[in-house]
Amino acid sequence: AAAGAARAAETSDAFADTAEQRALAPSVEAALSAACGVGDGAPPYLRAAALRCIAAFAPWLAPAERAQALQGCVQAVLRSLGDPSVGRHAASAFSAICCYGGCA
């Protein structure tokens with residue numbers, strides 16, 4: 001079990017360029033998970049911040065090894081596209097995700 005976890009950690013960090021980036025990967029995963037978990041009933045400023053977080057980490061989401069995280073982020077973005085209070089942030093996040101090939 002420990003060997004499997006170690007291999008999974010190596011795979012998820014395969015696209016990190018430096019040891020520092022690999023060390024930060026769990027924190028990035030946690031931040032994106034929290035951003036994707038911001039519900040539709042949250043205040044618009046919080047939803048906008050979550051969408052900006054997703055957009056900022058779009059390049060990190062691009063590798064195939066992060067497909068599960070990407071899926072959660074795409075779902076959060078799509079839920080927000082039709083809401084006028086955060087629609088422009090959702091559109092920016094969607095654009096960022098698509099530009100980095102994560103949706104391909």
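Starting from 1, each residue takes its place in the sequence as its number. Note: hydrogens, waters and symmetry copies are ignored here, and every other heavy atom, side chains too, is used.
- In terms of the side-chain contact (heavy atoms from CB on, under 4.5 Å) criterion, residue partners of Q75 (sequence neighbours excluded) are, by chain and number, Q71, R79.
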Side-chain donor/acceptor pairs under 3.5 Å, residues 86-96, sequence neighbours excluded:
{"residue": "S92", "atom": "OG", "partner": "R88", "partner atom": "O", "Å": "3.1"}

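- When the side-chain contact (heavy atoms from CB on, under 4.5 Å) test is applied to Q68, no partner is found at least two apart in sequence or on another chain.
- Here the CZ-CG distance, from F57 to L70, works out to 14.5 Å after rounding to the nearest 0.5 Å.
- Taking the side-chain contact (heavy atoms from CB on, under 4.5 Å) definition, one finds that A69 meets it with L61, sequence neighbours left out.
- No continuous path of hydrophobic side-chain contacts links V28 to V38 [ILVMFWY only; heavy atoms under 4.5 Å].
- Rounding to the nearest 0.5 Å places CG of L51 at 9.0 Å from SG of C36.
- With sequence neighbours excluded, no residue satisfies side chain to side chain donor-acceptor pair (under 3.5 Å) with S33.
- Between W60 and E29, the closest heavy-atom pair is CH2-CG, 3.2 Å.
- Listed here is the closest heavy atom pair of P59 and P63: O-CD, 3.8 Å.
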Return all side-chain donor-acceptor pairs below 3.5 angstrom for residues 41-50, not counting sequence neighbours, or 'none' if the list is empty.
{"residue": "R47", "atom": "NH1", "partner": "D83", "partner atom": "OD2", "Å": "2.5"}
{"residue": "R47", "atom": "NH2", "partner": "S80", "partner atom": "OG", "Å": "3.3"}

